[in-house]
2 protein chains.
Amino acid sequence: MADASVRRQAELVRRLKAEDAPQDQISTELAKLMDLKAQLGINDGKPQFVLKTPKGTRDYNPKQMAIREKVFNTIIKSFKRHGAETIDTPVFELKETLMGKYGEDSKLIYDLKDQGGELLSLRYDLTVPFARYLAMNKITNIKRYQIAKVYRRDNPAMTRGRYREFYQCDFDVAGQYDAMIPDAECLKIIHEILSDLQLGEFLIKVNDRRVLDGMFEVCGVPADKFRTLCSSVDKMDKMAWKDVKNEMVAEKGLAPETADKIGEYVQLNGKSELINKLLQDDKLCQNKEALEGLNDMKQLFVYLNIFGVEEKIIFDLSLARGLDYYTGVIYEAVLIQKQANESTQQNESCESVGVGSVAGGGRYDGLVGMFDPKGRKVPCVGFSVGIERIFSIMEQNVEASNQKVRTTETQVFVATAQKHLLEERMKLLSELWESGIKAEIMYKKNPKLLNQLQYSEESGIPLVAIIGEQELTEGVVKLRDVSTREEITVRRENLIEEIEKRICSF
Amino acid sequence: MADASVRRQAELVRRLKAEDAPQDQISTELAKLMDLKAQLGINDGKPQFVLKTPKGTRDYNPKQMAIREKVFNTIIKSFKRHGAETIDTPVFELKETLMGKYGEDSKLIYDLKDQGGELLSLRYDLTVPFARYLAMNKITNIKRYQIAKVYRRDNPAMTRGRYREFYQCDFDVAGQYDAMIPDAECLKIIHEILSDLQLGEFLIKVNDRRVLDGMFEVCGVPADKFRTLCSSVDKMDKMAWKDVKNEMVAEKGLAPETADKIGEYVQLNGKSELINKLLQDDKLCQNKEALEGLNDMKQLFVYLNIFGVEEKIIFDLSLARGLDYYTGVIYEAVLIQKQANESTQQNESCESVGVGSVAGGGRYDGLVGMFDPKGRKVPCVGFSVGIERIFSIMEQNVEASNQKVRTTETQVFVATAQKHLLEERMKLLSELWESGIKAEIMYKKNPKLLNQLQYSEESGIPLVAIIGEQELTEGVVKLRDVSTREEITVRRENLIEEIEKRICSF
């Protein structure tokens, strides 16, 4: 009977295929056929499924999750220390919400299949959804963080922490405020997070889109080439200047002498003294935008000095950042290693090797206005911590240090050496839970004591409460300290108190 | 120059459309055109974007997030109390991973557009990805929780908490264990969570797929109708028996007298006494499956009694649950209200009104085997807390109680009554941050004191640290308690200590 229904359904699918029926109809009936087979345990004698996660994605196992939780907690703690609220937005947006925001990177957006109804795309970052949220709710002032996954159909390089599904931890300040005050706080927070995570040396490069644009203009670059030249300049952390120049001239059609002029600027980096030097560059400063950018940069360094973070921050004219929506200050944090263990490029400015960007952001005063029907602007500044690379490093550190990572928080394991005591173990377990103690038993009627003790040791549970006929008769429990293997006998009515005392001391 | 590039691009798009070029190519060029326009601030004089989230989805504002965080913390605390680890899986899976798992509900799965490469779908629940994870990593024992969003292209009913994107909080135990021990713990945890969340009265219905199947068999139902009849039976919480019977006969082609036999069973509910009664039903018990199910149910109630949760659990033969993959015990928790404020059906068994399911689950011993090339089985039992309805209720409760929900954790606001003290405020702020105190200033050079105090009051910040020329000269800070409006003067070197003392007392 059941077989007959499978046969009928298979026949229907074959007929639809032969008739070139609409793909949707075939899919529907094929799904039904697979359901029927699955129900009846038929798998055609071959493995039915490719056992993998989609390209560029991965699962997190409990150990990885424990590390991830630690990283998130550090980051959230910092966000909260600075008074941020949090919001959440859907994983997909209307396709048109994302269009026209990412320049050349738009091709990396994941679209959902048109199954009738709205056209949807997976979010590419958290910034555009944030801007959409502000415009939609007419919010003009907010300091918010958001930690969520974003999606990019890029070429994954998973060993280096580049995935197609990855977390971003974003902090942004929206509102009309006095220049550089929230901008300086953003840099302070990045500094705080990277210090708290103890990832080793880092450096935060800053620049300003207005300085870049002004520089392009005084060098004689046509306005419609500004954005595409930004992408070229931005490659200077991976490519030598002569290769970048070559790209500008050969691919982007720039005159070689214009490229040379640009080259004189973008190879500069420094601190306040560089800002002062550029403020004396009459050619550059006759450009209004560039002058504004430089004056703000000067102010920014004053604030960074007050916040005690100036040391790790560098004004770098080659920092351009790829995205279109930045309008003012931009920044990017890179981890640096003294010795080169990867085939990465020498970074001359700090005489050390960059292992890549772990956070970046900037000011985007026009993005919210793109969503507002009347174009009302809400100035914004913020940053995103790219957490996957940080995870990779933390994971490697844990592996290297042979540190034991606990994946549960269980405090007490309830065990017995005797048979037929399952219900007694359950009673004690239930008492512990009622008192808020994290506790487990083995899900077996008659487990071996050795297995119970081994499990406790392997999963790092600090205490084992052991009961047997004798303990039950006497109204006591044996409490074993797993690390010292010492055992004491505690009266049942004092057990909770004794456990709580010991837990506090761990 | 810029205009020319827009014109050229628009021309290209028009030509491609006229030539009926591949849709992909048109999309790419259209996206470039929109990018160009966006870059240049051209919006054709009309609002470019529909400002909304996709159908069936929503944003969470900071207040909603604060409530959500509270709910999650309660749930996670309970999961950890029971020794669970956590994992994470990608938001999408290979399409074939999801096929053949959800029966009639497969049509609700969101597919991603075929952009070259693998065919992907958004996860429909967390159970199938969990089974895929176990099979892929050859894990035979784990107790894990996972809290993540899932996706269903269902008809949204957002006021009643039914969304297309929603959170599930899953707890599952995988492994070959003695009967009903992990099953009983699952019910204990559901009981704990619903009690801790203080949502009011609730009831957990339990049944067993083996009892249902056995019952169908002894009633003379053909095997290929079992699963579809389960969906009918499952509607008995929303429909009267005669309507369910009508569906069975008219839509599913069951003989009326067979339906009547089913009706005699599925209208039963009770506790141990019902189990004992059914164990004396010779016709039912000659069915091996049904007998096994009933014996396990009897054992389950013994354990539930030990765990102290029997009172709220009811054996209900009309509980069937829609999904295909269950193989043993199934359960569902419903909130009940004494008075009817919605047009919901009278639930005779408890003389009260159900406001719907908030958690559900069961045993699925075959699902992991569907992913294993050799069909090796890993028995599993677990449940999912449907959090959206719980959020709705909590939100309503907060609204009704006029409770003030804080959306930040800021402890100290640094203020001044005087002009030109921004840098001094920043210095103090930085000192507070260094000591781990959560602190904010207003991002203005010369804010009004009233605005600063108002902001502190509105956002529930308990303390304001006020400085002026005099305080700076004397090396002191005025510390204001926002709720009492009392102010004391503290020496700057004692400020941190004083703040910490006061924070502890809040």
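All values below come from the heavy atoms of this structure, side chains included, with hydrogens, waters and symmetry mates left out. Predicted model, so just to flag it, every value in this text is computed and none were measured. The sequence lines fix the lettering, A, B, ..., with proteins before strands; numbering per chain opens at 1.
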* **Toward chain B, the part of A:Q64 with a non-hydrogen atom under 4.5 Å** => neither
* Asked: Non-hydrogen atoms of chain B under 4.5 Å away: do they reach the side chain of A:Y151, the backbone, both or neither?
  -> side chain
Tell me, out of [options], who's got the most heavy-atom pairs with chain A below 4.5 Å.
options: B:S106, B:A84, B:P182; result: B:P182
options: B:L94, B:L122, B:L112; result: B:L112
options: B:R58, B:K107, B:R144; result: B:R58
options: B:K438, B:R81, B:K77; result: B:R81
options: B:I461, B:I142, B:T408, B:L432; result: B:T408
options: B:E165, B:M180, B:M442; result: B:E165

Select, from [options], the one with the greatest count of heavy-atom pairs under 4.5 Å involving chain B.
options: A:K63, A:K143, A:Q176; value: A:K143
options: A:T89, A:T410, A:I87, A:L422; value: A:I87
options: A:P90, A:S430, A:A179, A:G175; value: A:P90
options: A:T407, A:D111, A:T57, A:V302; value: A:D111

Rounded to the nearest 0.5 Å, what separation is found between the [atom1] atom of [X] and the [atom2] atom of [Y]?
X: A:T86; Y: B:M65; atom1: OG1; atom2: CE; result: 4.0 Å
X: A:I306; Y: B:L428; atom1: CD1; atom2: CG; result: 12.0 Å
X: A:K149; Y: B:K149; atom1: NZ; atom2: NZ; result: 11.0 Å

Interface moiety of [X] toward chain A, non-hydrogen atoms closer than 4.5 Å:
X: B:R406; answer: neither
X: B:L120; answer: side chain
X: B:E423; answer: both
X: B:Y325; answer: neither
X: B:R153; answer: side chain
X: B:E431; answer: neither
X: B:Y145; answer: side chain
X: B:V173; answer: side chain

* **Parallel, tilted or perpendicular, as decided by the 30° and 60° cut-offs, for the rings of B:Y443 and A:Y177** => perpendicular
* **Salt bridge flag under 4.0 Å for residues B:E118 and A:R164** => no
* Structure fact -> Minimal heavy-atom distance between B:Y60 and A:Y133, with the atoms involved, is O-OH, 4.4 Å
* Asked: For A:D88 and B:Y167, which heavy atoms make the closest approach, and how far apart are they?
  -> OD2-OH, 4.1 Å
* To do: Would you sort out whether A:K188 and B:E434 count as a salt bridge (charged side-chain N to carboxylate O under 4.0 Å, His left out), showing the intermediate values?
  => CA-CA 11 Å; A:K188 168 73 175 170; B:E434 291 305 316; 2.9 Å; yes
Using a 4.5 Å cut-off on heavy atoms from C-beta on, say whether the side chain of [Y] contacts that of [X].
X: B:R132; Y: A:T53; value: yes
X: A:D59; Y: B:P129; value: no
X: A:E185; Y: B:I441; value: no

* Spell out, as yes or no, whether a donor-acceptor pair under 3.5 Å connects the side chain of A:D178 to the backbone of B:K445. => yes
* Asked: Under 3.5 Å, is there a donor-acceptor pair between the side chain of A:Q115 and the main chain of B:I109?
  -> yes
